[in-house]
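Only one structure is covered here, and it is reproduced in the block below.
Only heavy atoms go into these numbers, but all of them, side chains included; no hydrogens, no water, no symmetry mates.
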There are 2 protein chains.
Amino acid sequence: MTLQDVLAELGATAKGTTHAATGLWVAEQLRHRIADGDLAPGTKLAEESLCEALGVSRNTLREAFTMLHAEHVVERIPNRGVFVARPSADDIRQIYRLRRFVEPAALLWSDDDGGLAALEAIVARAQVAAATLDITAMAGANQEFHRALVARAGSQYLNSTMELVLAQMRLVFHSMAVNPDFHAPYVAGNAQIVGLLREGNKAGAAELMTHYLGRAEAQLLAAMERSATHRR
Amino acid sequence: MTLQDVLAELGATAKGTTHAATGLWVAEQLRHRIADGDLAPGTKLAEESLCEALGVSRNTLREAFTMLHAEHVVERIPNRGVFVARPSADDIRQIYRLRRFVEPAALLWSDDDGGLAALEAIVARAQVAAATLDITAMAGANQEFHRALVARAGSQYLNSTMELVLAQMRLVFHSMAVNPDFHAPYVAGNAQIVGLLREGNKAGAAELMTHYLGRAEAQLLAAMERSATHRR
DNA sequence: CCCAAGGTTATTGTTGAACAATTGGGCCCT
DNA sequence: AGGGCCCAATTGTTCAACAATAACCTTGGG
């Protein structure tokens, strides 16, 4: 989908809507477009065209930009404009440094039945998606799994940080050609982790999670390396 | 210090300075003023007066507001304006839920000598401040201790989350009359924790940290309860 | 033919002013 | 005294302008 198409669609959606807090609304629209991959990483978000497409003023658009910038969803280069963020190898390392810290801890230190059934339901959804080869649904369910896992810790701060990280992960998936069945092994892995949790073996679950996270990071870094050299 | 005084000072500071990214500069100024307690929690930040004092336009000021809002440093009430945030009891509970999760984990899972000397230096500073009854320096050193402790985990995401939390904590201290030597017991506590760490007893250190954090939360909630009833 | 230097153009950064929308308080009436 | 209405003040949003910066294009030289 080209930038022009996105602009056209946004314009169509915008018509007739009343926005209580316009800046928030604009930020939300862009966030969704970016999350869905309609606006690919690296795309320049020119102010003038977006203003017109969204039917808002440049000032309001810029307010939305500062929000998205705070969320690391876009990158801002002075006097050059804002671009959809393109995570670097170092960003990936930062992401997984956090995840290897937070997710095992969430497994170890949560109440014994803090939403375990919910986790199992998500795993089941992922398995269905895997069986029907629905890559998108599989990726979505995997994200949902990790989000729910962290939510068990019961901390809003942690939840919003995790939300940032998952948004970055989507950008990672969009910004390079990852093997389509990258997600598949982790569906099984998540099932295994939930199984250990059900048995009450938290330490085992945490250890397995650490292992899988390390593996995923290595895979992504390798894939990034490949696409970097390939692009030269 | 009244709002008028702060405005006057800001005006004096602003003269002759060139600001590369004006919005960022304004946000920084306000952030510092709020952190230092010059702008007390609940203070209304009227747009017009601030514009004039800072020598920036309303639009730029509003850009700074959205940044500070994202950091939970100010509260925004539609059509009413922005106010310096006044943490609620629930905010305090959220803060400590995060800290009881993150800080013990940081103690347990950091490299054996990840900045241990730095932690000891901070504790020493806090002890000097306690001996000379310098409350402000004591509070500052305590904050520094927890910041450095989390930094040992090596995650930028965790660092910036912790930065948000510590900013909130400053607001808590400013928004209610906490016993002046509230901080004193924790200077000793932090020394104890570092001592255990030096012996290699991470589990003991983590346990003690959990204990102290629970104690601090209870104290703050009680103090908040007191000032709430007192104010009626 | 390639490269470098300089000017041109397009885009962003910032400001100021204008108008609509909403809130809170004062005023009047009962 | 209490309730409802109007007005003033402030915020939300837009528009238009100008300065500053960076990318592009042209031109001249090797």
Side-chain angles (χ1 to χ4, degrees), chain A residues 2-4 6-7 10-11 13-30 34 39 42-70 73-86, chain B residues 2-4 6-7 10-11 13-30 34 39 42-70 73-86:
Chain A
T2 96
L3 177 59
Q4 293 309 321
V6 176
L7 292 181
L10 281 175
T13 321
K15 276 203 182 85
T17 61
T18 176
H19 5 294
T22 318
L24 280 170
W25 179 80
V26 172
E28 199 177 328
Q29 296 298 314
L30 291 176
I34 292 170
L39 295 167
T43 305
K44 170 165 183 176
L45 301 176
E47 297 191 350
E48 201 173 353
S49 17
L50 273 178
C51 286
E52 195 169 355
L54 290 160
V56 300
S57 81
R58 256 180 84 208
N59 271 316
T60 307
L61 178 65
R62 288 178 124 260
E63 197 169 320
F65 279 167
T66 74
M67 294 184 211
L68 296 175
H69 181 62
V73 170
V74 303
E75 195 179 348
R76 212 165 195 173
I77 306 179
N79 293 312
R80 288 266 326 252
V82 320
F83 302 80
V84 179
R86 174 157 39 195
Chain B
T2 96
L3 177 60
Q4 294 310 320
V6 176
L7 292 182
L10 281 176
T13 321
K15 277 202 182 85
T17 62
T18 176
H19 7 292
T22 319
L24 280 171
W25 179 80
V26 172
E28 198 176 329
Q29 296 298 314
L30 292 176
I34 292 170
L39 295 167
T43 305
K44 171 167 182 176
L45 301 176
E47 297 191 350
E48 202 173 354
S49 16
L50 272 179
C51 287
E52 195 170 355
L54 290 159
V56 300
S57 82
R58 250 180 88 210
N59 271 315
T60 307
L61 178 64
R62 287 179 123 259
E63 197 170 320
F65 279 166
T66 73
M67 293 184 210
L68 296 175
H69 181 62
V73 170
V74 302
E75 195 178 348
R76 213 165 195 173
I77 305 179
N79 293 311
R80 289 266 326 251
V82 321
F83 302 80
V84 179
R86 174 155 40 192

Can you name the atoms? Protein N/O to nucleotides 17-21 of chain D N/O, anything below 3.5 Å, with the distance.
unit_1	atom_1	unit_2	atom_2	d
D:dT21	O3'	A:N79	ND2	3.4

Non-neighbouring partners of B:E28 that pass side-chain hydrogen bond (donor to acceptor under 3.5 Å, both in side chains), sequence neighbours left out: none
Candidates D:dT13, D:dT14, C:dT15 - which lies nearest the side chain of A:V56: D:dT14
Nearest-angstrom distance from the residue atom CD of A:E47 to P of C:dT14: 11 Å
Listed nucleotide nearest any side-chain atom of B:S57, set C:dG24, D:dT13, C:dT15: C:dT15
Any residue meeting side chain to side chain contact (heavy atoms under 4.5 Å, CB included) with B:E75, in chain and number order, not counting sequence neighbours: none
Length of the NE2-C1' vector between B:H69 and D:dT11, whole Å: 15 Å
d(CZ, A:F65; C1', C:dT11) in whole Å: 12 Å
Reported CG-to-CG distance for the pair B:N59 and A:N59, which is rounded to 0.5 angstrom: 3.5 Å
Close side-chain approach of A:V82 and A:E47, heavy atoms under 4.5 Å: no
With sequence neighbours excluded, residues passing side chain to side chain contact (heavy atoms under 4.5 Å, CB included) with A:R80: A:I77, A:F83
Separation of atom CD in B:E52 from atom C1' in C:dG16, rounded to whole Å: 14 Å
Value in whole Å for how far the P atom of D:dG12 lies from CD of B:E48: 14 Å
Residue A:N59, side-chain heavy atoms: nucleotide from D:dT10, C:dT12, C:dT15 that is nearest: C:dT15
Side chain of A:T60 (C-beta onward), nearest among D:dT14, C:dT12, D:dT11: D:dT14
Gap between atoms CG and C1', on B:L54 and C:dT15 respectively (whole Å): 15 Å
Pairing residues for B:A27 by the side chain to side chain contact (heavy atoms under 4.5 Å, CB included) criterion, not counting sequence neighbours: B:R31, B:A64, B:M67, B:L68
B:L61 CG to D:dT11 C1', straight-line distance once rounded to whole Å: 12 Å
Verdict with supporting geometry, A:T60 and A:T22, side-chain hydrogen bond (donor to acceptor under 3.5 Å, both in side chains): CA-CA 7 Å; A:T60 307; A:T22 318; 5.7 Å; no
Interatomic distance where CD belongs to B:E63 and P belongs to D:dT11 [whole Å]: 18 Å
